[in-house]
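Every chain is numbered from 1, with letters handed out A, B, ... down the list of sequences. Values in this document were obtained by computation on a predicted structure and should not be read as measured data.
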Amino acid sequence: MDVLKRIPVREQDAKERATNFKEVCLGYNKEEAMEEASRCINCKNAQCVKGCPVAIQIPQFIEQVKNGNIEEAYRIISESSALPAVCGRVCPQESQCEGKCIRGFKGDPISIGKLERFVADWARENGIKPTPAAQKNGKKVAVIGSGPAGLTCAGDLAKMGYDVTIFEALHEAGGVLVYGIPEFRLPKSGVVAKEIENVKSLGVHIETNVVVGKSVTIDQLMDEEGFHAVFIGSGAGLPKFMGIPGENANGVFSANEYLTRSNLMKAFDPDSRTPIMHGKKVAVVGGGNVAMDAARTALRLGAEVHIVYRRSEEELPARVEEVHHAKEEGIIFDLLTNPIEILSDDKGWVTGMKCIHMELGEPDESGRRRPVEVPGSEFVMELDTVIMSLGTSPNPLISSTTKGLDTNKWKCIIADENNGKTTKEGVYAGGDAVTGAATVILAMGAGKAAAKGIDEYLSAK
Amino acid sequence: MYKIVKKQELTTNIYLMEVEAKRVAKTCEPGQFVIVRMDSEGERIPLTICDYNREKGTITIVFQTVGAGTKMMAQLEEGEYFHDFVGPLGRPSELVEQPLEEVKSKKILFVAGGVGAAPVYPQVKWLHEHGIAADVIVGSKTKDLLILEKEMESVAGNLYVTTDDGSYGRSGMVTQTIKDLVAEGKKYDLCIAIGPMIMMKFVCLLTKELEIPTVVSLNPIMVDGTGMCGACRVTVGGKVKFACVDGPEFDGHEVNFDEAMRRQQIYKTAEGRAMLALEEGETHHGGCGNCQ
Ligand SMILES: Cc1cc2nc3c(=O)[nH]c(=O)nc-3n(C[C@H](O)[C@H](O)[C@H](O)COP(=O)(O)OP(=O)(O)OC[C@H]3O[C@@H](n4cnc5c(N)ncnc54)[C@H](O)[C@@H]3O)c2cc1C
Ligand SMILES: Cc1cc2nc3c(=O)[nH]c(=O)nc-3n(C[C@H](O)[C@H](O)[C@H](O)COP(=O)(O)OP(=O)(O)OC[C@H]3O[C@@H](n4cnc5c(N)ncnc54)[C@H](O)[C@@H]3O)c2cc1C
Ligand code: SF4
Ligand code: SF4
Ligand code: FES
């Protein structure tokens, strides 16, 4: 074995998977996991841990995998993470834990994410569950939103003995994990539902179909329903559009709508009652994880798919693995290209998109080189579907109905990074609702910090 | 799970259901809507709140069977359950939000088309309870499709019923009745029109000419109903609005109805297929030529 090289992970063949919704990555088996784990040199001052937003004790759990003691590895991971099967699959490891791994200087970093996923999958398949609190403390906490931030906060509080209820606006719990990230990256019934079951088995109640700010307000939860504290983990769900002419033509969708239909409403399944547009030629505008997911979904539904992104490959915000997978599957990347108008026929259906070529100029505030239009380079792409994936921002439903809860100019809730404290007493917040669209693990980290903050607040009361 | 405590077939293909939904009943106001799912595989179907009972904790919905989703929903019986029932969504009617004195000073005309009579009813009733008598025009294609006539009669100032085919009441479209009333010398300060998109469009064209400010309740395609998907976007006064959070009621004279009607058709072919599959069951094998 070459210690500089990682043990390759088995994947579904690109040609084959481009036509189905089954998971792309098949994961390690026990032998492969133990072999990969043996590459870890168990650093004293482990850098990888510093790269993990929830500081999983990485060398310790990998040591247990190396020895074949998977149950113990799971226990170690569970101390820091409530959703390891999810994070092992969707964390941007290359810029987090694995980005810091010492092995990465000379060769491949340890496949920390794939090992974490293996441990979590093994625990699930072998019926291992986290242990609930021995004793309830009689205090009630309401958690708004059942995405990674809410689930983590709820799980941690329940372990400390709090009586926790999650209120979720949709008909199913999981947030982006169920409505956004597709089945082929994160299996719903196989993985997400099981992780949510684990949180429930800690004693957390989940009430779906409650839109806080509409069905009930935060003040009502605290004054009338007896909740002693509230955590807001409502995410950043509002889609942006470009504001270009023709954007309301039939056949232009937000990535949120397209992905929600396919994932939450199961339109990818031909037996589903939910309709979805089966485009023949689709452009996805944007370059993040969401754009990759929308593109790869459209591909699987039978389309020729183009990613249209105004910067260059280097600036693509999506995870490297996702871009790589998308290319392997046959997604076409039209980089340094920006849409300026959507064209439609006399019945209002999309027929094409007028675009302009871009080149990179001086760096902007974000430090990335600003794309500028190349004069006279307009051209028309023929299309029948356009999916806008330009980012999302927090929904003002909660902030606009809660007195004393301050937001910044991007409508993000203002909260203390260390303990989730907002400007309203007893109300905490974290995840995308505070930071704007970010990552699963950062949302979990914020949920964790807020659980600690809430515990300190209620213990002192 | 949300129990159906009452079911009534108002007329062919139009059903009324009273459903237990405590949270919704506690906070809803006229003009708002709910989204329901009949079972764990069902579509999310938006429906206007037609009545509510805060003590009993129930909501009344009235729906017309148009596609596969509503057809299957019509088969639910009293004592059975909706899997999901979320709300209240959207903004309450402006009438409810305005100071009462201001509303009292106005002469209001409601125009309801088809199943639109259902969402108009609670607003007229609300006004009636606050001592305000509004005039109401109810239009339907034919006598058999007319709903809630008695209920409306008991709360409206004057009720004018018209049928397209003249089989009952006045004859002709609701726009004809508006013209007739104005010609008779009636003056209105506000018109509220709820019904099929095409009816609202023509009512608005007319009331614009007659200079009667008009509010409409739009029913675009929706998914989540909380502002998350943008499926419900409509253009009002040249600006893009999300009907589920900015509406569903808008200034009718500012709405781009042609775009809104066009956008309602997005899934029509897909729907058609789902409907055929439902009606023809096992015999549906794509004979229509539309299926791949
Ligand atoms: C398509 C897609 C792909 C992504 N891929 C990745 C990836 O590969 N790796 C990664 O790390 N991150 C990825 N992300 C980002 C990541 O999913 C989010 O950062 C993360 O889910 C945020 O978690 P959260 O708990 O803050 O919010 P969410 O997951 O957004 O959950 C918020 C929940 O709150 C509910 N809610 C909102 N308002 C209310 C209300 N008023 N009342 C009640 N409930 C409410 C929502 O319905 C939702 O269920 C992706 C995001 C998307 C959309
Ligand atoms: C705010 C609002 C309030 C409404 N109130 C009522 C009401 O009180 N009574 C009533 O009978 N109907 C009402 N509607 C319309 C009702 O939601 C549609 O008739 C219903 O969704 C059609 O579902 P279907 O599966 O039977 O039809 P199909 O034609 O099979 O629908 C297939 C798809 O198209 C969507 N769709 C089709 N037509 C509409 C439409 N007009 N509005 C929204 N989505 C549509 C559905 O969501 C579904 O995804 C309302 C719609 C909205 C948006
Ligand atoms: S949670 Fe994410 S960042 Fe932390 S170790 Fe696991 S994969 Fe790496
Ligand atoms: S930095 Fe790499 S080698 Fe060192 S402990 Fe972490 S995973 Fe192992
Ligand atoms: S229904 Fe999704 S944004 Fe309005």
Side-chain angles (χ1 to χ4, degrees), chain A residues 167-172 179-180 207-217 220 224 234-241 243 247-261 264-267 269-278 302 344 347-349 388 392 395-397 400, chain B residues 2 21-24 26-28 32 34-37 39-44 67-69 72 83-91 221-235 240 242 245 256 258-271 273-274 277-278 292:
Chain A
F167 296 98
E168 168 56 49
L170 291 171
H171 58 256
E172 207 175 312
Y179 80 70
E207 195 183 329
T208 50
N209 298 322
V210 180
V211 184
V212 175
K214 286 282 175 192
S215 314
V216 65
T217 62
Q220 284 170 331
E224 295 170 22
S234 53
L238 288 196
K240 291 194 182 86
F241 286 91
E247 220 171 359
N248 278 2
N250 288 10
V252 184
F253 305 93
S254 75
N256 267 7
E257 176 183 357
Y258 193 74
L259 289 169
T260 301
R261 283 183 184 276
L264 179 73
M265 304 302 295
K266 317 237 162 24
D269 179 349
D271 289 336
S272 159
R273 289 182 219 154
T274 306
I276 193 165
M277 175 96 176
H278 286 260
S344 50
K347 294 213 172 66
W349 287 88
M388 291 294 177
T392 52
N395 195 324
L397 257 183
S400 64
Chain B
Y2 305 80
K22 296 211 167 54
R23 282 194 188 278
V24 190
K26 195 171 162 203
T27 52
C28 68
Q32 293 187 292
V34 291
I35 289 183
V36 308
R37 269 194 351 139
D39 58 27
S40 61
E41 306 300 316
E43 287 186 62
R44 292 174 65 92
M72 291 168 85
H83 196 277
D84 299 286
F85 199 99
V86 60
L89 301 168
R91 290 160 47 153
I221 291 175
M222 293 189 175
V223 182
D224 59 299
T226 65
M228 183 265 267
C229 74
C232 64
R233 58 196 196 277
V234 289
T235 305
V240 177
F242 286 9
V245 285
N256 182 339
D258 292 336
E259 178 189 279
M261 284 191 283
R262 198 191 75 211
R263 287 184 54 79
Q264 264 190 343
Q265 305 300 313
I266 291 180
Y267 294 108
K268 277 295 172 217
T269 42
E271 273 161 31
R273 262 178 248 147
L278 183 73
Q292 293 98 344

Given the rule in the salt bridge (charged side-chain N to carboxylate O under 4.0 Å, His left out) test, do Arg37(B) and Glu172(A) qualify, once you have shown the distances and angles that lead to the verdict?
-> CA-CA 12 Å; Arg37(B) 269 194 351 139; Glu172(A) 207 175 312; 5.7 Å; no
To the nearest 0.5 Å, what is the distance between [atom1] ([X]) and [atom2] ([Y])?
{"X": "Glu257(A)", "Y": "Ile221(B)", "atom1": "CD", "atom2": "CD1", "answer": "8.0 Å"}
{"X": "Asp224(B)", "Y": "Tyr179(A)", "atom1": "CG", "atom2": "OH", "answer": "8.5 Å"}
{"X": "Phe253(A)", "Y": "Arg233(B)", "atom1": "CZ", "atom2": "CZ", "answer": "8.5 Å"}
{"X": "Ser215(A)", "Y": "Lys22(B)", "atom1": "OG", "atom2": "NZ", "answer": "14.5 Å"}
{"X": "Asn209(A)", "Y": "Tyr2(B)", "atom1": "CG", "atom2": "OH", "answer": "4.0 Å"}
{"X": "Leu238(A)", "Y": "Thr226(B)", "atom1": "CG", "atom2": "OG1", "answer": "8.0 Å"}

Where does [X] contact chain A at under 4.5 Å (heavy atoms): side chain, backbone, both or neither?
{"X": "Val24(B)", "value": "neither"}
{"X": "Thr27(B)", "value": "side chain"}
{"X": "Phe242(B)", "value": "side chain"}
{"X": "Glu259(B)", "value": "side chain"}

Among Ala169(A), Ala249(A), Ser272(A), the residue with the most heavy-atom pairs under 4.5 Å to chain B is Ala249(A)
Any side-chain heavy-atom pair of Val86(B) and Val210(A) under 4.5 Å = no
Do Thr392(A) and Met228(B) have side chains that get closer than 4.5 Å, going by heavy atoms?
-> no
Hey, does the side chain of [X] reach the backbone of [Y] with a donor-acceptor pair shorter than 3.5 angstrom?
{"X": "Lys266(A)", "Y": "Glu41(B)", "value": "no"}
{"X": "Ser254(A)", "Y": "Cys229(B)", "value": "yes"}
{"X": "Asn395(A)", "Y": "Gly227(B)", "value": "no"}

Quick one: closest heavy-atom pair of Met265(A) and Glu43(B), and the distance?
-> CE-CA, 3.9 Å
Smallest separation among heavy atoms of Asp84(B) and His171(A), with atom names = OD1-CB, 3.2 Å
Any Lys/Arg nitrogen of Glu207(A) or Arg23(B) sitting under 4.0 Å from an Asp/Glu carboxylate oxygen of the other?
-> yes
For side-chain contact (heavy atoms from CB on, under 4.5 Å), just list the numbers for Val240(B) and Asn248(A), CA-CA rounded to whole Å, side-chain angles, deciding distance to a tenth of an Å, and then say yes or no.
-> CA-CA 9 Å; Val240(B) 177; Asn248(A) 278 2; 4.0 Å; yes
Do Arg273(A) and Asp39(B) pass the side-chain contact (heavy atoms from CB on, under 4.5 Å) test, and can you show the C-alpha distance, the side-chain angles, and the key distance before you say yes or no?
-> CA-CA 11 Å; Arg273(A) 289 182 219 154; Asp39(B) 58 27; 2.9 Å; yes
Please step through side-chain contact (heavy atoms from CB on, under 4.5 Å) for the pair Lys347(A) and Gln265(B), ending with a clear verdict.
-> CA-CA 10 Å; Lys347(A) 294 213 172 66; Gln265(B) 305 300 313; over 6 Å; no
Could you go through the side-chain contact (heavy atoms from CB on, under 4.5 Å) check for Arg262(B) and Asn250(A) one step at a time?
-> CA-CA 7 Å; Arg262(B) 198 191 75 211; Asn250(A) 288 10; 3.4 Å; yes
